[in-house]
Amino acid sequence: MQVHYAEGKGEAARAALHAFLDALPGWPGFLGAELLLSPAQPELTLVASRWADEVPPVPLPDGVRAWVFQVQANR
């Protein structure tokens with residue numbers, strides 16, 4: 001399993017990441033995702049998504065950065 005994190009800053013990024021989240025279920029291998037906000041960093045929005053295999057080439061909104069992590073262990 002892989003985990004994909006996409007992050008953006010500001011209100012425009014928050015709206016774009018919400019739309020990004022809504023589009024993820026149409027991609028093969030999608031297992032689930034969350035839109036995350038932190039009171040400690042109110043300008044930051046994060047989408048954490050989980051994938052059965054490799055993350056497909058999902059298009060990122062402008063100004064959003066992303067990373068893919070390979071799950072090494074889980075409980």
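Just the heavy atoms: all of them, side chains too, but no hydrogens, waters or symmetry mates, feed the values below.
Between Pro56 and Phe30, the closest side-chain pair of non-hydrogen atoms is not below 4.5 Å. In this structure, the side chains of Glu7 and Val64 stay at 4.5 Å or more apart for every pair of heavy atoms. Using a 4.5 Å heavy-atom cutoff, the side chains of Trp51 and Val68 are not in contact.
Leu37 meets the side-chain contact (heavy atoms from CB on, under 4.5 Å) test with Arg14, Thr45; sequence neighbours excluded. Remark: Glu34 engages Arg50 in a side-chain hydrogen bond (donor to acceptor under 3.5 Å, both in side chains) (not counting sequence neighbours).
Residues Ala40 and Pro42 come closest through the heavy atom pair C-CD, 3.6 Å. Among all heavy-atom pairs drawn from Pro61 and Ala16, the shortest one is CB-CB, 3.6 Å.
Placement of Leu17 and Leu44 in two distinct hydrophobic clusters is found when ILVMFWY residues are connected by side-chain heavy-atom separations under 4.5 Å, directly or transitively.
Membership of the apolar cluster around Trp67 extends to Met1, Val3, Tyr5, Leu31, Leu36, Leu46, Phe69, Val71, as traced through chained side-chain contacts below 4.5 Å between ILVMFWY residues.
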side-chain contact (heavy atoms from CB on, under 4.5 Å) between Leu35 and His18, intermediate numbers included: CA-CA 7 Å; Leu35 181 73; His18 198 280; 3.5 Å; yes

Stepwise side-chain contact (heavy atoms from CB on, under 4.5 Å) test for Val55 and Trp27: CA-CA 9 Å; Val55 177; Trp27 288 87; over 6 Å; no

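Between the Glu43 side chain and the Lys9 main chain, no donor and acceptor come within less than 3.5 Å of each other.
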